[in-house]
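Have a look at the structure below, then the notes.
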Amino acid sequence: MDEKYFPEQIENKWQQQWAEAGVFEAKENDPREKFYALEMLPYPSGFLHMGHVRNYSIGDALAWFKRLQGLNVLHPIGWDSFGQPAEQAAIKRGVNPREWTETNIAHMRGQLQRLGISYDWSREIAAHRPDYYKWDQWFFLKMLERGLAYKKNSQVNWCPKEETVLSNEQSSGGICWRCGTQVEKRDLEQWFLRITNYAEQLVADIRQIEAGWPEKVLKRQRDWVGRSEGAFIDFQIKDSDKKIRVFTTRIDTIYGATAIVMSAEHPLLDEILEGSTLKADIDAFATKVAQERAARVDEAEEEKEGLNTGVLAINPFSGETLPVWVANYVLMEYGTGAVMSVPGHDERDFEFAQKYSLPIRQVIAPVSHDQIQAEPVPTTAGDASAEMRHSFTDYGVLINSGEWGGKLSEVAVKEMADYAKAHGFGEAAVTYRIRDWGVSRQRFWGAPVPVIYCSNCGTVPVPYEQLPVVLPPTAAFTGTGESPLAGVPEFVNTTCPNCDAPARRDTDTMDTFVDSSWYFFRYVDARNENAPFNPELTRQWTPVDQYIGGDSHAVMHLIYTRFWTKFMRDLGLVDFDEPVKRLLTQGMVTNLVEGTDEWKAMSKSLGNGVDPDEMIAAFGADATRLFVLFAAPVENELRWSESGIEGAVRFLRRVYTMVWRWHERLSNGSREAGASEFSADARALRRKTHQTIAKITSDFEHLHLNTSVAALMELFNQLSDFNGDPAQASESDVFAVREALEALVIMLAPFAPHIAEEMWQGLGHAGGLLTDARRWPDADPELARREELEIPIQVNGKLRSRVIAPPGVSEDELRESALADERVRALIDGREVVKVIVVPERLVNVVIR
RNA sequence: GCGAAAGUGGCGGAAUUGGCAGACGCGCCAGACUUAGGAUCUGGUACCGAAAGGUGUGGGGGUUCGAGUCCCCCCUUUCGCACCA
């Protein structure tokens, strides 16, 4: 090692050695316990940003830790390389998406390598290459075979700016998830995947991962699936054989229904209004609602509006006739697109009824023991609108409900659904908010949908042996909204696999979330040409032990990949339900926006970005990574600070200098503890060493990396205090220093691997830190134990003194020495000692009066 | 509006089961070495107070010998959801 710390030199040296020795390449035939550490694969935009650096530094620390602990670690990386930016670049600047993407990947790979992230590059994948997307297509065909992929003409979310279809998740809130543009609705033939078939499992299996996933992610997933238990009820239309089906979670309130309210988009409307003089009005209303919804910019709720259709429906329980309304607050996308309006017991219905003077009827009374009822309970089934100021939405006891009166809501909910089923006008039902996953994209830069349309045979799947359906080299990027592939005759025109007649290919490509739904299974067997992966190998490596990424993927990616895993399980490719055991959603990296005092996520448009390359050049990869991990807990926002990173270099340089001072003495001296006794200082150093080992080892369990770094600094500080002259040091001192310094170097490796390797070598070790042997030190609890305890003494809860006591001191002894303490005696003099609380080995509290 | 999480020095943040609040770092102050210091090293650094001592974990109450930690009310911030029947 050199006397001075030159990060660039050391980092180049070790990056080269690691690559040559292939130390990060995971081997299958390895008997050691496996660990799969995974970070979300990046989109190759061209440049790494600090969010990536944080993500990969966390993952790398864990990967190193597990390797040093002697585990067989799989730590791969790849590229989410299909997607819109490449195509935008093609449209705007005429560059070829493939070349653009490959150039970006090459650049970013270089950046990752300069950061020294310990990836197994031999398993690198890229979604845009035919050897990868072939398997997207393969999975698509499997879905098709099993009826999980289907085509339907549907209203889809359309982003006018990006000229493409978006999934429901991608257009959440009516705006495009990428560009923020107001989303429109369009009618298009689209491929869908039946994720709804798995809705129940997506909720139920959450309990398998509860322990390892952040609750906030699971909550969002539960909300997305939106499971809701209730009942369907059919309301017969008066003087007609048509029925309106409603979904309700509160069938117990059905005697309180005073209207049926349908969505303005409800397909049944046309039928039931046939010949009605109001039809034109209703149509106009429907158009208006659609427009208002599309134009809604602010997030506020619209005022409820509705229109009476003049049609009447019959309440199957009470036989009563109810008016049928349409209203803007009933959504076609949820439930059945129609509700029974129970203003007495539903806030929205209440508001609606108030506005349109519909009757309000109370049919549930609160079950209260001693509490005065807030609302009067009418004894007749009359209109209660005058008395009620709010709806009463709690469960209670049924009143004004015919033969059901007196039953508790909980009971009625079940029995009334059974009754409806027995009489053929409804049944208990579970609905879900989640809808099927629309995967068609009118895009060039994606995996082509492997389907052929033949005028004789109809829709024909591309035979497996003809996969992959390869993208043409280029196309005309007009940005017209039609897939550019439609303008490439060599691609479109083909022959029917069935009858050899001329036929046309599907010109849509798949949503890029398809690529990322299964990519981490491909890492396991990245070069397999005959299958997406070998199930034997996935059995060895998956599920993923720890997945790390931003929480922006809490719903889309992470729900799709859970769905995909369940599908692969049904195909027999994997034998578990959940792909990821533990998930960490790391916080954002923010920086001050110039001219303000606001911390915002780094971005080009705000001009507050920090270039990782510049940081590496100025401070080194090790210091950059160390700072990123030290500056904040991994799940918190990380506020960038240039002076903070300087502190990290300072620390590394100090450690390096200390190793330099000792390295000759340590690499020659005896490795035995020797017969001589340890001095008090040496014992204290050893204590700190073993305490630190214990602390960091357990911190890794919860990825408390910031406190691990702090512990390393503490150990170093104690070493500095110990120090002394290496040439004069006794054998036992040398032993204590070696123990501390070697532990420090090894435990630094997950945070700053290059300098750790360099120092390890400097301390006289050949062959690098990573071998098959378990190198992580073990904490010896005996050595970590304190020799004497400083026990705080409180009087009436206030700290007044301290006494020194040996470990294992008895409660009586502690009490005695506390009461004998001079300062305590002065305070209790002339007062009555009420009691003395002794917390063994920790604290004494003398209570006086 | 609903839901969740969080509020600790000038800043980022530490603090097993309630038991010494402020670890570690940044910044700042003083000193040393220096032609110089935005390098390095040493020491100091919650607040008030000359000191003794007192006060302190968003605010108010409570439980307890003892509360950053537990309970209740309120305030603020961030995030998520937004008519889900």
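Residue numbers begin at 1 in each chain, while the letters A, B, ... track the order of the sequences.
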Considering every strand and a 4.0 Å limit on heavy-atom distances, what is the contact class for Asn845(A): base, sugar-phosphate, or nothing?
base
May I ask you to evaluate whether Thr336(A) reaches the phosphate of A85(B), defined as a side-chain N or O under 4.0 Å from OP1 or OP2?
no
With P as the reference atom in both, quote the distance from U69(B) to G53(B) in angstrom, rounded to an integer.
27 Å
Is the phosphate of C24(B), meaning OP1 or OP2, less than 4.0 Å from a side-chain N or O of Asn706(A)?
no
For G25(B) and Asn717(A) - does any side-chain N or O of the residue sit under 4.0 Å from the phosphate oxygens OP1/OP2?
yes
So what does Gln794(A) hit on the nucleic acid, given a heavy-atom distance under 4.0 Å: a base, only sugar-phosphate, or nothing?
base
Is a side-chain N or O of Asp2(A) found less than 3.5 angstrom from the main chain of Lys4(A), in a donor-acceptor match?
no
Taking only side-chain nitrogens and oxygens of Lys835(A), does any of them come within less than 4.0 Å of OP1 or OP2 of C65(B)?
yes
Between Lys216(A) and G3(B), does any side-chain N or O lie under 4.0 Å from OP1 or OP2?
no
I want to check one thing: is the phosphate of G27(B), taken as OP1 and OP2, less than 4.0 Å away from some side-chain N or O of Arg650(A)?
yes
Rounding to an integer number of angstrom, what distance separates G54(B) and G18(B) when you compare their C1' atoms?
24 Å
Using atom C1' of each nucleotide, how far apart are G27(B) and G12(B) to the nearest Å?
11 Å
Is there a side-chain polar atom (N or O) of Arg654(A) under 4.0 Å from OP1 or OP2 of C41(B)?
yes
Under 4.0 Å from OP1 or OP2 of C65(B): is there any side-chain N or O of Arg815(A) that close?
no
Do the side-chain N or O atoms of Arg653(A) get closer than 4.0 angstrom to the phosphate oxygens (OP1, OP2) of U40(B)?
yes
